[in-house]
Structure formats: C-alpha cells, structure tokens
Colleague: 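One structure coming up, written as structure tokens, with questions to follow.
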Amino acid sequence: MANLDITDKIGFALLKKGVIDYETLEKSLRIKESEEKKNRRNLGQILVTDFHADHDAVFREVADLYAFREIYLADEKIDQGRIDFIRRFVEALPQNVREMLLLTRMLPLRFDEKQPDKLIIVAPDPTDRRIPLIARNFGAKKYEVAYCRLKEIQNLIEQVLPPENEFLKKLESSEVGIQVKDEEEGSVDEDALEAEITKSALINLVEGALMEAVRQGASDIHIIAKEGNRTEFWFRVDGSLKLWHVQERTMPEAVAAVVKDRSKNVDRFEREMAQDGFIQRQIDDHMIRFRVSILPIVGLEYRHKFESIVIRVLDDRKVITDLSKLGLVGPSKDFFQKAINKPQGIVILTGPTGCGKSTTLVAALHQVIDPTVNVLTVEDPVEYVIRGARQLKIGHKMSFEDAIRGILRHDPDIVLVGEMRDKLTAEIAIKLANTGHLTFSTLHTNDAPSAVSRLYKMGIESFLIAYAINIIVAQRLVRTLCKSCRRAIPTEELDHATYVKFGVTEDDLAHHTFYEAQGCDRCNGGYKGRAAIHEALYFTREIRSLILRAGRDVDEEEIRTQAIKDGMWTLRRAGIERMKEGVTTLEEIASATTDD
C-alpha cells in the first residue's frame, strides 16, 4: 500500500463526504507523487481528470480549503450589458491566450463594488496555474479569482462566445441549390441526384443541423419535403416546432438521400416504405445519438418521391438519475418512492408520446439498480444506455415479442418493458410483477384511472390488475417560465374569478405570487425549458377492492374519487402547485390538463 499523506485535507474531506472511495484516494495520491514537481497537478485535478470524480463536489472543497470565495451566477445580473462587458475583455486577448482561457473556462465577470480597480474573475478550478498568465492580459491593476460551478460558467461562456458551427460556416461559402431537370412521373434520376449531392453543400447542411439542434437544446429535427424543390428544417424546442432553415432550389430527394447516407440501418434507394435508423456523432466533446424515422408522404408533384424525416436527439447529458429532480410534488413523490422500493409489482407510466415517460422510468431504474440484481430492459428502440442494466437488442433476428418471451427464462430481478403495446406484452409484464419481479412499463392513456380500463380491454383479468400493480403515474410536460423576464402579476391585475374557477383557492391567491410570460432574447416567448407534472394513483387496499368488485364494469370515475380520498393529486392539482412555485403559468397548465 502506498504511504498515504494523512495531512491532505482535500482527499480526506472528499472521502468523508462519499465523493470518492479509499482506493481512488490512494491511487490519486500515488499519481500525484509520481509526477514531476514542475508539472505536478493538485489532487483535485487528478481526481476529476483521471478518475472522473464529480467536478463541482471536488473543486468546491478545493476552493474552501484555499479560501477562494464562491460566486453563484444565478445571483448575478447577467444581462446583455454584462455579456458585452465580458466579451470586450475576451476579444481583446491574443488568439493563443484566448484559446488558453477557453481551456481553463475562466471569465472576467465584473469589477468589485468596493474596490473599483479590482477585476473579479470566475473559474471552475481557481487553482489552475494558467489563470495568472491569462489574467495579466486583462490589464486590470488588481484581480481576484473566485470559484464558480462548471455548468454555470459553461453556460455563460456559450453566451459570450457562442460555439461556431463549422458545417454552417462551410455552407455559407459553398454552392447550394442546383435546379435539376424535371423527370417523368414516379421516377427519380439517380445520376442527377448524385450530381446534386456532390456539387452542393447538402452534407454540411445536414451535419450543421445535427450540431445546431444539440446546441439549441432541440428534442427533434423535422425535415419536410415541399413542392417547388424546397425542404424545410424545423427544430422542436421546449415542445414547440420552430423553423430553422429552408433549403431552396434543391430536390427534396437529394436532402433525404444525404440523411439516409449518414444513417445506419437505412436504405437510400427505398422511398416507398417506413424506415428507422440511427446516427452517432461527437459534438462538443460528447457522444450524441440520433434516432431517425423516415416516412413516405403524398405531394402534389407526382414526379417527386416525397418523404418526411424526424430525427430524435438523444443526449445522455439530459438523463435524470436523481429522483428528486423529476419534479414529483406533494404525495406523488412519497407514493412513487414507496412503489419502486417494493420487491415486486409493476410501476406503470402513462401519457402521450413525448411527455417524458422514458425519462421518469430511467430515473426510477437508477434508484433500484444494484450489482447484486439482474436488471433487464426490452425497448424498441433503445433510447439511452443505462449503466448496470442489460438492454436487449431488438432487430430482425430477435423481435420485441421474442425478447419479451426470452426475459422470462433469463432469471431477471427487475425488468423494464418499454411499452405494453398489446395483450402479449401486457400479460408477460403482469406475470413478471405477480411472480416476484419489480417491473416498469409505459402505457398510452390520458390519465391514471383510465389505464385500469385500458388493461382490462386488452384482456388482462381484473384480479391480476388489482394485485400486480403498485402504482400508475400519469405525466405531462409543461413549459417553464424564463426567470430572466417572467412578470409577477400584481394582485389588482389578477383575474380572481378565473383562477378560482380553475381550482386555485382564495388562500393561495392571497399568499402566493403568480406569474405571466413576457419574452426576451434568452427564451422562446417567455418560456425556457419544460417540467413534468404528475398524477400518481397508488394502489391502496381500497383501490384494489374497487377493481376486484367492478369486474368487467370498471368505473374510472369511482377509482378517481377513491384515489383522491387516498391522497392522490390530479394533474391539474399538481399543475396548480407548479404555478404557486412560480415555475409556469395558468395558460400552460390549462392546455396540458382537463377539468378534474
């Protein structure tokens, strides 16, 4: 064993807090001792770089030990004036120094209020040896280095120096849009198509769209063929589609061909049937997966073979592994935690496509995954890679149904069934839940009580439904208010009658501030990001008895009434809680929910 330096306060503080284990500390100290004194890194840098320890957990401890103060950018007024202030300093730097600044991720933030000649510099690693070299170039008489969380400073850097899209840059200087001669009805001149792809910059356009979608936080890219040799590119951001680019004077088949060429499992020359594929790209030092869906569509120009393409952006950085960050409020949080901690039974997520069901299930799985249990998932397609789970690969040699049957013989403890799409899938999921397995799955219904009648109509016996299910959670996504421009509605302007009719109490109106969307250059019409609201139907003894007594006459309203008695918050009730927190607006909750 290496001779550990017990005086290293950082290492032992991190060990005590559970950020690192003893073996990691031992190895990192060995590395530190082996490095040349001139280039020796401190322990925090070794832990983050070599052992992938949590950056902020480590450097908050480092900053505390070396007496660097911490600055929270959320408390700073980061308006356009501040961004311009920072940009002036950065753009005045020599190119090599600017590159060094980006590597250290440090920024000049402002002058100190008490000492106007002292420049405050923020950095996620205030101990970086390059900081003094860069700071000298700012020309300030004095400066102070403060610690700032990595994600916060990264977001600020992207506002000050938006990353260039190399493909769009090439696109500006390239020849795009070549008019191709009309062909006979129903045929496509493949040679002319190839010539158009070769001569134009469509490859840069498609690659640029993938990169820009990730940087703008889009969940999907829609590529739609239009008449008149036009193709539209739309991004879905915060649930709404917005036009990003219109490609003129180019055959839509050429754009589709470029997407197909870059996708795996897709045939470029097939234009009459649905196809599914995927793309993988390294963007901003992170591996991003894209799921590609292609469907033939009807157009007025019969000489063209029109197709609609939707590319889902699968960014692992958006995966939530902490249950507390899902946005479960009130009794829903306790019910959900209780349900997933049971040794067996099924947890069902319901809601429309794109409402975040998979995100919630993955977060739940991360709470129960353990090296001592066999976790199997059957998804078609697999969206996110889940560490610690064995995710079955669906393909032409093993269908979804084959995989579902196979898991019964594969000694599972915990199973995720992507979707209960038919009687066979539902029966096996219920069978697993009834035979000592914790099972997770999704179902397409409007709310939690209607999932019960849906399962019955699929052919599942009522006694199996009553005893197999732990909880049914209905979920919706609502747009969240931009914190930079949201406006608090003065009490005298509040339409009390509308709010009360909606379900907000007079007491809530008296003791909470409600907000409305305004819009600024940082958001989409007053909204930025989305949050989930939930309706958690926990299966109490009373709910199980109701379902058993009902038999084939399942009464959804009776189940809903009993669930509310048992403490369930409806989607609208959960939405009102979000309004009271200042997260969203009455209009958003009204559009996402129905009357209780």
Side-chain angles (χ1 to χ4, degrees), residues 162 165 167-168 171 202 205-248 250 252 255-256 258-260 262-263 274-279 281 283 288-300 306-315 317-318 351-359 381 383 444 446 475-482 485 517-533 584-585 587-593:
N165 189 321
F167 299 105
L168 296 185
L171 190 64
L202 290 180
L205 174 61
V206 170
E207 292 291 346
L210 296 177
M211 184 176 283
E212 205 59 27
V214 172
R215 288 177 175 171
Q216 290 191 25
S219 60
D220 301 89
I221 306 166
H222 288 242
I223 303 173
I224 310 164
K226 296 285 184 180
E227 288 79 14
N229 282 335
R230 293 172 70 248
T231 305
E232 294 179 354
F233 285 70
W234 295 73
F235 287 173
R236 187 177 293 280
V237 180
D238 295 340
S240 301
L241 284 170
K242 65 174 187 178
L243 185 63
W244 175 71
H245 177 78
V246 178
Q247 183 59 33
E248 304 276 7
T250 304
V255 179
V258 171
V259 176
K260 290 175 181 179
R262 303 187 122 53
S263 307
Q275 297 191 77
D276 291 302
F278 68 94
I279 300 170
R281 290 287 181 275
I283 296 175
I288 308 290
R289 295 172 67 243
F290 301 88
R291 194 178 75 209
V292 182
S293 171
I294 304 170
L295 290 173
I297 58 173
V298 175
L300 294 174
F306 282 170
E307 290 173 292
S308 170
I309 300 172
V310 175
I311 303 173
R312 169 65 56 89
V313 182
L314 302 172
D315 189 342
R317 291 171 296 185
K318 293 181 178 178
T353 303
C355 73
K357 298 188 294 293
S358 297
T359 301
E383 291 195 347
H444 285 284
N446 288 328
Q475 181 167 310
R476 295 289 186 281
L477 288 179
V478 293
R479 292 183 298 169
T480 53
L481 283 161
C482 170
C485 67
Q518 287 204 120
C520 66
D521 56 0
R522 291 188 181 186
C523 64
N524 299 303
Y527 296 95
K528 190 174 184 181
R530 289 188 291 175
I533 54 172
T584 191
T585 61
E587 292 77 17
E588 269 300 294
I589 301 302
S591 66
T593 63

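Being a predicted model, the structure only gives us computed values, none of them experimental.
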Colleague: Is a donor on one side and an acceptor on the other found under 3.5 Å between the side chain of Gln475 and the backbone of Ala532?
Modeller: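 No, the answer is negative, given that no donor and acceptor are paired below the 3.5 Å cut-off.
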
Colleague: Are the side chain of Lys226 and the backbone of Gly299 linked by a donor-acceptor contact shorter than 3.5 Å?
Modeller: no

Colleague: Please report the closest heavy-atom contact between Glu383 and Arg289, naming both atoms and the distance.
Modeller: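 Looks like O-NH1, 2.6 Å.
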
Colleague: Can you tell me how far the OG atom of Ser263 sits from the CD1 atom of Ile309, to the nearest 0.5 Å?
Modeller: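 The OG atom of Ser263 sits 7.5 Å away from the CD1 atom of Ile309.
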
Colleague: Rounded at 0.5 Å granularity, tell me how far NE2 in His222 sits from CZ in Arg236.
Modeller: 4.5 Å

Colleague: To the nearest 0.5 angstrom, please state how far the OG atom of Ser219 sits from the CD1 atom of Ile311.
Modeller: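 Ser219 atom OG to Ile311 atom CD1 measures 12.5 Å (nearest 0.5 Å).
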
Colleague: Check whether any side-chain heavy atom of Ser308 lies under 4.5 Å from a side-chain heavy atom of Ile294, and answer yes or no.
Modeller: no

Colleague: Determine whether more than 12 heavy atoms belonging to other residues, nucleotides or ligands lie under 6.0 Å from atom NZ of Lys260.
Modeller: yes

Colleague: Using 30° and 60° as the class limits, which term best fits the ring planes of Phe235 and Trp244: parallel, tilted or perpendicular?
Modeller: parallel

Colleague: Any heavy-atom pair between the side chains of Thr250 and Thr231 that's under 4.5 Å?
Modeller: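 When only atoms from C-beta onward are counted, Thr250 and Thr231 do not touch, as no gap falls below 4.5 Å.
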
Colleague: Tell me the closest heavy-atom pair linking Ala517 and Thr585, and the distance in Å.
Modeller: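 Shortest heavy-atom contact: N-CG2, 4.0 Å.
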
Colleague: Side chains of Ile533 and Thr593: closer than 4.5 Å at any heavy-atom pair?
Modeller: yes

Colleague: Might you point out which heavy atoms bring Arg262 and Val206 nearest each other, and give the distance in Å?
Modeller: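 That closest heavy-atom pairing would be CD-CG1, 4.3 Å.
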
Colleague: Any side-chain heavy atom of Phe233 within less than 4.5 Å of one from Leu205?
Modeller: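 Result yes, sub-4.5 Å side-chain heavy-atom pair found.
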
Colleague: What pair of heavy atoms forms the shortest contact from Ala209 to Ile221, and how long is it?
Modeller: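 The answer is O-CD1, 3.8 Å.
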
Colleague: Run the side-chain contact (heavy atoms from CB on, under 4.5 Å) check on Gln247 and Ile223 step by step: do they pass?
Modeller: CA-CA 10 Å; Gln247 183 59 33; Ile223 303 173; over 6 Å; no

Colleague: With rounding to the nearest 0.5 angstrom, report the SG to CZ distance, Cys523 to Arg479.
Modeller: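 The SG atom of Cys523 sits 10.0 Å away from the CZ atom of Arg479.
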
Colleague: Quick check for you: to the nearest 0.5 Å, what is the distance between Ile283 atom CD1 and Leu210 atom CG?
Modeller: 6.0 Å

Colleague: Quick one: are Ile224 and Arg230 in side-chain contact, heavy atoms under 4.5 Å?
Modeller: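 No, too far: nothing below the 4.5 Å cut-off.
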
Colleague: Verify side-chain contact (heavy atoms from CB on, under 4.5 Å) between Phe290 and Val214, making sure each step is shown before the conclusion.
Modeller: CA-CA 10 Å; Phe290 301 88; Val214 172; 3.8 Å; yes

Colleague: Within this structure, what is the CG-CD distance for the pair Asn524 and Gln216, rounded to the nearest 0.5 Å?
Modeller: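 Answer rounded to 0.5 Å: 9.0 Å.
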
Colleague: What's the shortest heavy-atom distance between Ala225 and Pro252, and which atoms?
Modeller: CB-CB, 3.5 Å

Colleague: Ignoring hydrogens and geometry, is there a side-chain-to-backbone donor-acceptor pair from His444 to Gly351 under 3.5 Å?
Modeller: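 Here the side-chain-to-backbone pair exists.
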
Colleague: Of all the heavy-atom pairs spanning Gly529 and Asp238, show the shortest one and how long it is.
Modeller: N-OD2, 2.8 Å

Colleague: Does any N or O in the side chain of Thr480 come within less than 3.5 Å of the main-chain N or O of Lys528, such that one atom is a donor and the other an acceptor?
Modeller: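 Judged by distance alone, yes, a pair lies under 3.5 Å.
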
